[in-house]
Amino acid sequence: MAMHCFEGMLESTSVDIGLTLGSGQVFRWGRDVDGWWKGIAYGVVVHLRQMGDQIQYRASSERVATYCGEMAIDDFLRWYLRLDHMPRIRVPREDTYLRRARDLLKGLQFVRQDPFECIISYVLSVQAHMSLTKKRIGFLARTLGERRVFEGETYWTFPGADALSELDSGFYRRHRFGWRSERVAETAQFIAGAVRGGADLDTWRCISDDLHALSGSGVGIKVARCIDLFSLDRLYAVPVDTWVRKFAREWYGVTGSDAKICRWGEARWGKWAGYCNEYLFAYYRELYGPTLYDRVLSFNASDEASAVMPFEEQV
DNA sequence: GGCCAGGCGCGAC
DNA sequence: GTCGCGCATGGC
């Protein structure tokens with residue numbers, strides 16, 4: 001059961017691992033007390049540590065299957081962390097907030113999340129604190145995912161669409177997912193039906209767009225933009241959440257519906273609007289919300305498996 | 001104990 | 001197309 005460790009080094013002149021993995025875009029990464037960032041993505045356990053311009057890695061597999069095909073682990077990590085892509089964001093001279101935010105958060109990159117995991121995660125995140133969302137995602141992984149033991153710690157992969165689609169909304173209700181229950185169940189089933197035989201990036205984009213158009217999926221404008229930005233290479237997307245509403249109003253005098261703020265941001269910043277919005281979002285939250293230090297709790301990979309498995313109904 | 005969370009969906013206009 | 005409101009749950 002214990003897995004071999006594949007190690008190596010990656011060049012990274014522009015990406016900051018802590019800013020990236022601690023930004024809140026991913027739910028299954030954490031920083032351990034030993035200084036390593038630990039997580040599981042695409043079914044592979046990965047440990048990362050930044051050492052200046054280099055990133056040291058340890059991984060549980062040397063091959064990784066993605067929607068872009070199978071990759072060697074170092075190619076995968078360069079792709080996943082988007083190490084070769086850090087666009088130079090041009091800031092209008094008068095936009096002092098964005099300039100400050102960009103200078104402070106230079107190195108925050110968008111990870112290429114697994115689209116299915118990203119969709120389910122953000123459907124679950126609706127009107128819930130990140131800590132609770134993380135718990136729910138972790139619960140799904142422990143009950144339906146595959147067990148991976150790496151370096152003495154237990155991890156669980158995120159379940160596939162076929163596994164998740166076996167659950168009905170009653171299961172989620174019983175496990176106190178609230179009104180997200182019907183939406184997660186419907187969405188998982190929709191995706192399971194749509195990805196038979198695999199899906200590439202274009203297919204995932206169509207699936208996400210369809211879910212957004214489909215009422216009851218739980219994919220509204222905000223969740224759709226998160227999926228776009230964090231897993232579908234649509235780096236122009238501007239997700240509008242409670243923090244974005246605040247900085248839009250207080251710093252730019254923009255008010256109104258989320259859709260209106262979204263259009264404003266995407267029109268204002270153009271091609272790389274996702275970066276601009278994320279810099280401002282993270283900067284504002286750092287000033288007025290929980291800081292990065294507060295949010296990055298010590299890592300706990302080895303949560304006990306749930307005593308109640310989904311198909312062992314205990315009433 | 002009240003307020004809020006990386007909002008969505010539905011029914012009125 | 002846009003606005004207002006109800007919604008389950010748990011953290012703080």
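Chain naming here is simple, since letters A, B, ... match the order of the sequence lines and numbering starts at 1 in each.
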Proximity to DNA chain C (any heavy atom under 4.0 Å), residues of [range] only:
range                       : value
residues 99-116 of chain A  : none
residues 226-233 of chain A : none
residues 176-189 of chain A : A:Arg176, A:Gly178, A:Trp179, A:Arg180

Classify the side-chain pair [X]/[Y] by whether it contains a donor and acceptor separated by less than 3.5 Å.
X        : Y        : answer
A:Tyr42  : A:Glu117 : no
A:Tyr155 : A:Glu153 : yes
A:Tyr275 : A:Gln109 : yes

Report task. Would you check, one step at a time, whether the test salt bridge (charged side-chain N to carboxylate O under 4.0 Å, His left out) holds for A:Arg78 with A:Asp75? Result -> CA-CA 5 Å; A:Arg78 273 190 284 272; A:Asp75 290 334; 3.2 Å; yes
**Report entry** For A:Arg268, all residues meeting salt bridge (Lys or Arg N to Asp or Glu O under 4.0 Å), sequence neighbours excluded
**Finding:** A:Asp95
Under 3.5 Å, N/O pairs linking protein and nucleotides 10-13 of chain B:
unit_1 : atom_1 : unit_2   : atom_2 : d
B:dC10 : OP2    : A:Ser215 : OG     : 2.6

Query raised in the report: Quantified in whole Å, what is the P atom distance between nucleotide B:dC8 and nucleotide C:dG11?
Result: 23 Å
Requested in this report: For B:dG6 versus C:dC3, give the span between their C1' atoms, rounded off to a whole number of Å.
Outcome: 22 Å
**Report entry** Side-chain touch A:Leu229/A:Asn277, heavy atoms, less than 4.5 angstrom
**Finding:** no
So what does [X] hit on the nucleic acid, given a heavy-atom distance under 4.0 Å: a base, only sugar-phosphate, or nothing?
X        : answer
A:Lys260 : nothing
A:Val240 : nothing
A:Arg263 : sugar-phosphate
A:Thr133 : nothing

Report task. Please list, by residue number, the residues of residues 268-277 of chain A whose heavy atoms come closer than 4.0 Å to an atom of DNA chain B; answer none if no residue qualifies. Result -> none
Would you mind reading off the distance between [X] atom [atom1] and [N] atom [atom2], rounded to a whole angstrom?
X        : N     : atom1 : atom2 : result
A:Glu286 : B:dG6 : CD    : C1'   : 15 Å
A:Leu211 : B:dG7 : CG    : P     : 19 Å
A:Asp241 : B:dC8 : CG    : C1'   : 14 Å
A:Met130 : B:dG6 : CE    : P     : 7 Å
A:Gln127 : B:dG9 : CD    : P     : 13 Å

**Report entry** A:Val244-A:Leu287 co-clustered via ILVMFWY side chain contacts under 4.5 Å
**Finding:** yes
Report summary line: First and last nt of DNA chain C near chain A, cut-off under 4.0 Å to heavy atoms, 5' to 3', are C:dT2 to C:dG11
Query raised in the report: Does A:Tyr67 have its ring centroid less than 6.0 Å away from the ring centroid of A:Trp79?
Result: yes
Query raised in the report: So, A:Phe247 versus A:Tyr283, ring centres under 6.0 angstrom or not?
Result: no
Requested in this report: Give the ring-plane orientation class for A:Phe230 versus A:Phe110, where under 30° counts as parallel, over 60° as perpendicular and anything between as tilted.
Outcome: tilted
Query raised in the report: Do other residues, nucleotides or ligands put more than 12 heavy atoms under 6.0 Å from the CZ atom of A:Arg88?
Result: yes
Taking only N/O atoms, report every protein-nucleotides 2-4 of chain B pair under 3.5 Å with atom names and distance.
unit_1 : atom_1 : unit_2   : atom_2 : d
B:dC4  : O2     : A:His129 : NE2    : 3.2

Report task. Mind checking side-chain hydrogen bond (donor to acceptor under 3.5 Å, both in side chains) for A:Arg49 and listing every partner two or more places apart, or none if nothing turns up? Result -> A:Gln56
Query raised in the report: Sequence neighbours excluded, which residues qualify as side-chain hydrogen bond (donor to acceptor under 3.5 Å, both in side chains) partners of A:Asp200?
Result: A:Thr203
Please answer whether the main-chain N or O of [Y] pairs with a side-chain N or O of [X] as donor and acceptor at a distance below 3.5 Å.
X        : Y        : answer
A:Gln25  : A:Thr20  : yes
A:Glu11  : A:Gln54  : no
A:Arg285 : A:Ser23  : yes
A:Ser231 : A:Arg112 : no

Query raised in the report: Does the aromatic ring of A:Trp243 sit over the six-membered base ring of B:dG6, closer than 5.5 Å centre to centre and tilted less than 30°?
Result: no
**Report entry** Toward the 5' end of DNA chain B, by each residue's nearest nucleotide, A:Leu214 or A:Tyr122
**Finding:** A:Tyr122
Report task. Name the residue closer to the 5' end of DNA chain B, choosing between A:Pro239 and A:His212 according to the nucleotide with the nearest heavy atom. Result -> A:Pro239
Requested in this report: Test salt bridge (charged side-chain N to carboxylate O under 4.0 Å, His left out) on A:Asp258 and A:Arg225 and set out the steps.
Outcome: CA-CA 11 Å; A:Asp258 292 355; A:Arg225 293 307 196 279; over 6 Å; no
Query - A:Glu7 with A:Arg58: basic N within carboxylate O range, under 4.0 Å - result: no
Query raised in the report: What residues, two or more places apart in sequence or in another chain, satisfy ring pair (Phe, Tyr, Trp, His ring centres under 6.0 Å) together with A:Tyr236?
Result: none
Query raised in the report: What residues form a ring pair (Phe, Tyr, Trp, His ring centres under 6.0 Å) with A:Trp179, not counting sequence neighbours?
Result: none
**Report entry** Verdict with supporting geometry, A:Glu182 and A:Arg173, salt bridge (charged side-chain N to carboxylate O under 4.0 Å, His left out)
**Finding:** CA-CA 8 Å; A:Glu182 286 72 22; A:Arg173 284 279 175 189; 2.9 Å; yes
